[in-house]
Each structure stands twice: as C-alpha cells, then as structure tokens.
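Remember, it's 1-based here, ligands and their atoms both numbered in the order they're listed.
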Amino acid sequence: MSTTESAIASAEAHSAHNYHPLPIVVASADGAWMTDVEGRRYLDMLAGYSALNFGHANRRLIDAAKAQLERVTLTSRAFHHDRFADFCTRLAELCGMEMVLPMNTGAEAVETAVKTARKWGYQVKGVPDGMAKIIVAANNFHGRTTTIVSFSTDAEARADFGPYTPGFEIVPFGDLTAMDAAMTENTVAVLLEPIQGEAGVLMPPAGYLAGVRELTRQRNVLFIADEIQSGLGRTGKTFACEHEGVVPDMYVLGKALGGGVVPVSAVVSSAGILGVYRPGEHGSTFGGNPLACAVALEVIAMLRTGEFQQRAAELGDHLHHELGVLAGGGAVETVRGRGLWAGLDIVPSHGTGREISERLMDRGVLVKDTHGSTIRLAPPLVISKEDLDWGLDQLRAVLAD
Ligand SMILES: *Cc1c(COP(=O)(O)O)cnc(C)c1O
C-alpha cells in the first residue's frame, strides 16, 4: 500500500464516516498550493470553504499567531485580556456596527444569533413568551447543531436527528411574497445567507436582499445575514449584502475570520440588540480567546485595506468571464456566483460532480462537489492570475475528456 492508501485506510477505520473526502492526504501548504504526503502539488480551489481567503501559511497571520502563542493563549472570559477590546472594537468598525459577541465555530455563531433574536423578541419587541418565530430560506446551510438542522431542508443533514427545535418557518429563497405572507407579530427575525453557498452558490434575484431589508424594517423584524462563507472579501466586497446596498441588523461571521489558523466566529450587531444579554446568559470557554483575537485582528487589518476585496472583484470578473465562455461549450449547464466564488452545474453526461472533482484532482486541482452535479470554485483570494488560469485550463481539459 502507498503512504496515501494506508493513511486513508486508517482514517476510514478510526474516524466516523461523516465526510467523503477526495483521496488525497495533505502534508503541507503555502498560498494557494497544497503538497501531499507523496510530494505531489495541488492548486487549492476550495480554500477550506472560504476559511482560507488569505491563503495557506499567510505570513502576517502566522507571525501574529506565533507572537501570541508566546504570550498568552487562553484566559476564559472570567478575566479580561489585552487583545479582547481591540478585537471587538475593530470588528464592530469593519462591520459598521457597535457590538460583538465572539464564539468559535460558525454553527455556534448562528446559534448565538438565534438566541439573540429570540431574547430581543421577548424583551424589546414584546413577543409573548415561547412564541418567537424565525423565518429561514429553503436550501439554507447554517451549520450542524440539532437546532440548526431542525430548519434545514436537506434530508441528509436532517433525517434521524429529531426531535426538532420548533420556532422556524421555511420560505423559498428569493420569494418576497412568501416571506411577507409568513410574517406575523411573533416573527422576530429573518435568517438568510445572502448567497447560498452549500446549496451550490445560489444567487438571489436582483433586489431580493433590499426587499428583505425593507420588509423586515416595516415589520420590526431583525434581518440576520449569515455571511460566514460569503463575507470577508469572497464576493469582491467585505460583505455580500453590500452588493445591494443592504445593511442587516446582525452579521454572523466565521470561517475566514480565523484566517484558516484558528476557529473564530462572531455575531456583530447594534447595542440595542446585543445589549439584551446579562452575565451568565450566554457564553463560550474559548470564545474571544487571546490567540483567536490576535489572529482575527490581523485578518481585520488586512480587510481594512480593501486590497483583498478588490483582488476578489478583479480576479472574479476574469473567472466569471472564462466560466461564461466555458458554459457556452456544452459541458456546463449553468454558472453562478460573484467575485472569486462560483457554482457550476455540469451536464450529467460529462460525469457527476464527484467524478469531475476526482479527475481535477488527478490533474492537480482541488475542488469539491455539492448536490450531485454541481462543483464549487472558491480559490484563496491571494491566488495569482497565472495559477487561476492554469486551474481553469485543467477544468477545460477535464470537461473536454
Ligand atoms: C460553514 C458555514 C456555517 C457553519 O460553520 P461551521 O464553522 O462549520 O460550524 C454556517 N453558515 C454558513 C453560511 C456556512 O458556510
């Protein structure tokens, strides 16, 4: 057996099979490239589902992490530490908001948003106890906890995990009339991904996010934007909501906030909304720890320059132009996305998404399929134009086979 085969066999034997990874065993990575245990190099066109927007082993992020590792890594929130205030202040500034509630994973931040909206509903809006409702969209992906899968429409994500948490209404993504009809005086929030990532980079119709903003404002309902994957530069702006000039009441952030180094997530909102919490009502041992804050502070500093957003916009225009040409060639049914983010539906006769992903891997390009015949492209924002073009050449070659 090769080193790769034996590593995969042991992983299969000793880890739960809740993922179906491509048969590659990574040993190291730098920028947009990963190297496997056999020394083969691969262009990373997935970037940890956007957690690696700034690339692997980003020097600034690694240096910030190393410096913090030598000082203090964890205090718990029982004590203040000297990176916490800066992290919250800078992140609130980046978001144009007032307050931050830090957590670790994306799912925890979504849970925090749900709890915050409910508490706000009871304490500020005056919803009767236990009656709060949150509207979500079909085909959503917000994480994997029992409450979050309760409002998933994906059978795989949901089946056999009940009983499910009540209090959620599902409406079709992109349908304002259905959202309007679903709202009652007990609706406390609308929770949406501005672009649905896991569903296949599904774009809402033009005007939808602005319409949701209008409707939620009229009905005194919070607009919660889950920008865990779409935010922090990916689409060519800091937030995907910006493309429609929309400012939600709450951002939910994760993935790239930790620079691919440590898990860092947060809910960012106004003082009127996050101000509902009193000591003891919510928390996390690791949320807002010094190491997380030090890395995230560097991420925020990098985003403040705007250079990554601009790069994503420029390279994204190029990517979508090339994919548009490819879509005219007969192997690709549809192309969607914005910035350095694309979902491609492959014509089924050319192979399943999995098969295309495996053939790309054989040519040194890593992507991931989703929902059958769709593949997703989300290279790190630091990718060079030459590497992006090389990756697209491999895609063309695979689809021509
Ligand atoms: C990845 C993701 C999550 C969940 O984040 P985890 O860190 O995996 O828990 C939630 N929402 C969106 C939009 C995501 O892409």
(request) May I ask whether atom 11 (N) of ligand 1 is less than 4.0 Å from at least one protein heavy atom? (result) yes
(message) Whether Arg376 and Glu198 form a salt bridge (side-chain N of Lys/Arg under 4.0 Å from carboxylate O of Asp/Glu) is what I want to check.
(response) yes
(request) In plain terms, say whether Glu314 and Lys385 are close enough for a salt bridge, that is, a side-chain N and a carboxylate O under 4.0 Å apart. (result) no
(request) Flag the pair Arg396 and Asp393 as a salt bridge only when some basic side-chain nitrogen lies within less than 4.0 angstrom of an acidic carboxylate oxygen. (result) yes
(request) Assign the ring pair Phe173 / Tyr208 to parallel, tilted or perpendicular, where the plane angle (0 to 90°) is split at 30° and 60°. (result) perpendicular
(request) Indicate the ring-plane relationship of Phe308 and Phe54, choosing parallel, tilted or perpendicular according to the 30° and 60° boundaries. (result) perpendicular
(request) Could you tell me whether Lys255 approaches ligand 1 through its side chain, its backbone, both or neither, with non-hydrogen atoms closer than 4.0 Å? (result) side chain
(request) Could you see which bit of Tyr49 sits under 4.0 Å from ligand 1, with heavy atoms only: side chain, backbone, both or neither? (result) neither
(message) Can you report which non-hydrogen protein atom sits closest to atom 5 (O) of ligand 1, along with the distance?
(response) Gly106 CA, 3.3 Å
(message) Below 3.5 Å, N or O to N or O, backbone or side chain included: is there any such pair between Ile228 and ligand 1?
(response) no
(message) Show the atoms of ligand 1 that are less than 4.0 angstrom away from any heavy atom in Phe141.
(response) 1 (C), 2 (C), 3 (C), 11 (N), 12 (C), 13 (C), 14 (C)
(request) Return yes or no for this condition: an N or O of Asp226 is under 3.5 Å from an N or O of ligand 1. (result) yes
(message) What I want to know is whether Glu193 and ligand 1 share at least one N or O pair that is separated by under 3.5 angstrom.
(response) no
(message) Are any of the N/O atoms on Ala107, whether in the backbone or the side chain, positioned under 3.5 angstrom from an N/O atom of ligand 1?
(response) yes
(message) Can you tell me how the ring of Phe84 sits relative to the ring of Phe87, calling it parallel under 30°, perpendicular over 60° and tilted otherwise?
(response) tilted
(message) A quick test of your reading: do over 12 heavy atoms of other residues, nucleotides or ligands sit less than 6.0 Å from CD of Glu156?
(response) no
